[in-house]
Amino acid sequence: MSSKILYVRLPCNPIFPIGVVYLADRMGKIFPDLQQRIFDLGTVPPVEFNGALDRAIDEFQPNLLVFSWRDIQIYAPVGGRGGNPLQMAFEVYYAKNPLIRLRGALGGLKVVSAYYGELWRNFGLIKRGLQRAKRYHQSVRVVVGGGAVSVFYEQIEKALPKGTIVSVGEGEVLLERLLKGEDISAERCYIVGETKPRDRMIHETPTAIEKTACNYDYIAKIWPEFSYYLQENDFYIGVQTKRGCPHNCCYCIYTVVEGKQVRINPADEVVAEMRQLYDRGVRNFWFTDAQFIPAKKYIDDAIELLEKISASEMQDIHWAAYIRADNLTPELCDLMVKTGMNYFEIGITSGSQELVRKMRMGYNLRTVLQNCRDLKAAGFNDVVSVNYSFNVIDETFDTIRQTIAYHRELENIFGVDKVEPAIFFIGLQPHTHLEGYAFKKEILKPGYNPMSVMPWTARKLLWNPEPLGSYFGEVCLQAWQQNPNDFGRETLKILEERLGSASLEEALNAPMGDKKDNLRKELVALT
Ligand code: B12
Ligand code: SF4
């Protein structure tokens, strides 16, 4: 029987479903006669999810259902899913005023029920899709994958129908093998009720594939709603230029999901893909790489790509990406500005070199500053988002002061209004060094459920351990109260008022030695 694949992107905020687009493109190239259809629940209003899924299945009658699940975690310092989950959690855990605690609890209840509601709704959609498709093909198979599945592949087993293939990381090779009827046991996957995920499966190296430009003429044929993403002209459409990240940042799982081996997509193919989107009116691109310039040795690849974009006559485009700003050169900075980079995120996590080293991030903060100066000199005048996650490992009042000094220097370079401090607290993820650290410190016990948002577990997973946890809790609550619309800047302002700032030199040097005694003394003095 020939295969008919229906790709169902499970409900998601409207982010371009680049994962299923790439999968369908690749399968279409390998199997030209294959019948495929993309169905994106991200473009469907919630009340219509069930009906729309039924209709898509009735119309297409697939015998292979590919479900793509993008995100599950909700610990973001922004609104959504019934409120600001970080704020509500902090109100419950740290507010002294019982009324605020109550408000947090009520809000938290809403967020928690929305979270579990969405989880069960998605599992329900998978089961429903399977039942419906069985009307047409008893032997229909279900495969699930995507970012959320890669992170939580071990936890979702219990909630999925028997026989579901659960995939970790990239799905191209797995789907190809499935369609060829080949053995899939060596792939990063398991089958619910038949096989178990291998120990440390996520750490297995993904198989490299040669990426070619996505054929958007083909995609438009198999995806009737493609134009939905072309209507808004401020929408950033995903384009992947490479896969993999060689770093070891203690809280990050990208480096295992995508693997440490960086695989560069040929620059000509990337440009050809952008060109097709450009011709359809797209002007904003998000390079969806874990890191656009993962290490120094990939600078030349980034230069080649940007030179080719520059030569392509797509002059009025903008692009954004996660950028390790320690890997820039003046030439690269010029090209970034020239090709229209108008937003980037630097995840330095802390402005203290000492902590950056302890978190195994491999950043040299002095180099980052120098490169930012080069970028400014090249004419970059847009917004840079700097991600700080306080209190990851061994934070002290001194390291907070250093972060303040560092941030103020970034403001000196780019301008206060151009540097957006995004204050996160890490949502602890499985298979990371930080998880290992939490086991060692007995904050978590092996066997905990990383998907749980029940208050007693969430308190540990929303990483903000004592002795500084309550202190940060109190500062953040004050920031939300004083200036909820500028939470990041307000938090830094309060911290500076309370603790002062270090000198920049202190921030940039990573002195060895134990500051814990100082921290204890300062905490006692504050209480
Ligand atoms: C780039 C990125 C962003 C960009 C997206 C920009 C854009 N316009 O596209 C920005 C910064 C906006 C972003 C935001 C968020 N993101 Co994000 N993001 C990523 C990142 C780095 C890459 C995603 C990507 O597009 N990759 C390229 C495409 C081609 O790969 P893909 O979609 O994963 O698809 C491949 C595989 O997953 C697989 N696959 C996909 N579906 C299926 C289905 C089957 C059956 C099979 C077999 C395989 C398969 O094959 C595909 C092709 O190889 C990932 C981390 C990572 N390294 O993967 C996180 C990630 C997807 N994000 C994540 C999250 C949580 C978020 C946020 C919700 C964060 C927050 N709390 O605010 C937000 C909001 C997103 C939203 N829906 O509104 C999580 C999701 C998992 C989770 N923890 O819940 C990830 C995995 C990071 C993480 N480890 O936590 N993100
Ligand atoms: S550089 Fe970024 S993507 Fe790479 S391991 Fe560190 S946090 Fe993760």
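All residue numbers refer to positions in the sequence shown, counting from 1. Read the numbers this way: they start at 1 and go in the same order the structure lists the ligands and their atoms.
- For an aromatic pair to be called close, the ring centres must be under 6.0 Å apart, and Phe90 with Phe425 satisfies this.
- Trp319 has its ring centre no less than 6.0 Å from the ring centre of Tyr278.
- By the 3.5 Å distance cut-off applied to N or O atoms, Ile72 is counted among the residues near ligand 1.
- Take a cut-off of 2.8 Å around atom 4 (Fe) of ligand 2: the protein N, O or S atoms inside it are Cys245 SG.
- In terms of polar-atom proximity, Tyr254 is not counted as a contact of ligand 1, lacking any N or O under 3.5 Å from an N or O of the ligand.
- Partner Ile165 forms a side-chain contact (heavy atoms from CB on, under 4.5 Å) with one of Leu160, Leu174, Val144, Leu64 and no other, that one being Leu174.
- Considering backbone and side-chain atoms together, Ser167 places no N or O closer than 3.5 Å to any N or O of ligand 1.
- Residue-ligand proximity: Phe16 is placed with every non-hydrogen atom at 4.0 Å or more from ligand 1.
- Without hydrogens or angle criteria, Ser68 side chain to Arg9 main chain gives no donor-acceptor distance under 3.5 Å.
- Proximity of Leu34 to Ile5: side-chain heavy atoms (C-beta onward) are separated by under 4.5 Å at one or more points.
- Within the set Phe67, Tyr322, Phe285, the minimum heavy-atom distance to atom 10 (C) of ligand 1 is found for Tyr322.
- Within the 3.5 Å criterion, the main-chain N or O of His137 finds no donor-acceptor partner in the side chain of Ser139.
- Between the side chain of Thr432 and the backbone N or O of Glu435, at least one donor-acceptor pair lies under 3.5 Å.
- Looking only at distances, a side-chain donor or acceptor of Asp289 sits under 3.5 Å from a matching main-chain atom of Thr241.
- Remark: side-chain polar atoms of Arg188 are not paired, donor with acceptor, to backbone N or O of Thr207 under 3.5 angstrom.
- If you number the atoms of ligand 1 from 1 as listed, the ones under 4.0 Å from a heavy atom of Val66 come out as 43 (C), 44 (C), 45 (C).
- Between Phe439 and Tyr448, the closest side-chain pair of non-hydrogen atoms falls below 4.5 Å.
- Atoms of ligand 1 found under 4.0 Å from any heavy atom of Gln429 (numbered from 1 in listed order, with element): 83 (N), 88 (C), 89 (N), 90 (O).
- A side-chain donor-acceptor contact under 3.5 Å links Glu273 to the backbone of Cys214.
- Every atom of ligand 1 with a heavy atom of Ile18 under 4.0 Å away is listed here by number and element: 25 (O), 28 (C), 29 (C).
- Heavy-atom contacts of Val143 reach the following atoms of ligand 1: 45 (C), 47 (C) (cutoff under 4.0 Å).
- Not a single heavy atom of Trp69 sits less than 4.0 Å from an atom of ligand 1.
- Under a 4.0 Å heavy-atom criterion, Arg9 is not in contact with ligand 1.
- Proximity to Gln240 (heavy-atom distance under 4.0 Å) selects the following atoms of ligand 1: 27 (C), 29 (C).
- Proximity annotation for atom 38 (C) of ligand 1: of Ser150, Gly169, Gly19, Gly147, Gly169 comes nearest, heavy atoms only.
- Annotation: Glu170 places no N or O atom under 3.5 Å from an N or O atom of ligand 1; distance criterion only.
- Taking every heavy atom of Glu172 and a limit of under 4.0 angstrom, the matching atoms of ligand 1 come to 52 (C), 53 (O).
- Near Ser68, meaning under 4.0 Å from any of its heavy atoms, are these atoms of ligand 1: 40 (C), 41 (N), 42 (C), 43 (C).
- When the options Glu345, His431, Arg70, Glu187 are ranked by their closest heavy atom to atom 60 (C) of ligand 1, first place goes to Arg70.
- Residue contacts with ligand 1 leave out Cys252, since none of its heavy atoms falls under 4.0 Å from the ligand.
- A cation-pi arrangement is present between Lys211 and Tyr22, with the terminal nitrogen or guanidinium carbon under 6.0 Å from the aromatic centre and inside a 45° cone about the axis.
- A cation-pi geometry, defined here as NZ or CZ lying under 6.0 Å from the six-membered ring centre and within 45° of its normal, holds between Arg324 and Tyr363.
- Under a 4.0 Å heavy-atom criterion, Ile253 is in contact with ligand 1.
- In terms of modelled atom types and a separation under 3.5 Å, the side chain of Tyr298 and the main chain of Phe292 share no donor-acceptor contact.
- Considering both main-chain and side-chain atoms, Gly171 comes within under 3.5 Å of ligand 1 through a nitrogen or oxygen pair.
- Only the backbone of Val144 comes within 4.0 Å of ligand 1, judged by heavy-atom distances.
- Here the two rings, on Phe424 and Trp463, have centers that are 6.0 Å apart or farther.
- In this structure a side-chain-to-backbone donor-acceptor pair under 3.5 Å is missing from Asn265 to Val270.
- Assignment of Val257 to the shell around ligand 1 is not supported, since no heavy atom sits closer than 4.0 Å.
- Within the structure, ligand 1 has Cys12 among the residues with a heavy atom less than 4.0 angstrom away.
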Given the rule in the side-chain contact (heavy atoms from CB on, under 4.5 Å) test, do Asp382 and His318 qualify, once you have shown the distances and angles that lead to the verdict? CA-CA 11 Å; Asp382 286 294; His318 287 123; 5.9 Å; no
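- The option from Gln291, Glu258, Gln73 that lies nearest to atom 83 (N) of ligand 1, judged by heavy atoms, is Gln73.
- Under 4.0 Å from ligand 1, heavy atoms of Thr288 appear from its side chain as well as its backbone.
- The distance from ligand 1 to the heavy atoms of Arg243 drops below 4.0 Å at these ligand atoms: 52 (C), 53 (O).
- Side-chain atoms of Lys242 never come within 3.5 Å of backbone atoms of Ala290 as a donor-acceptor pair (strictly under, hydrogens ignored).
- The aromatic rings of Tyr388 and His407 lie perpendicular to each other, with more than 60° between the two planes, well past the 30° mark.
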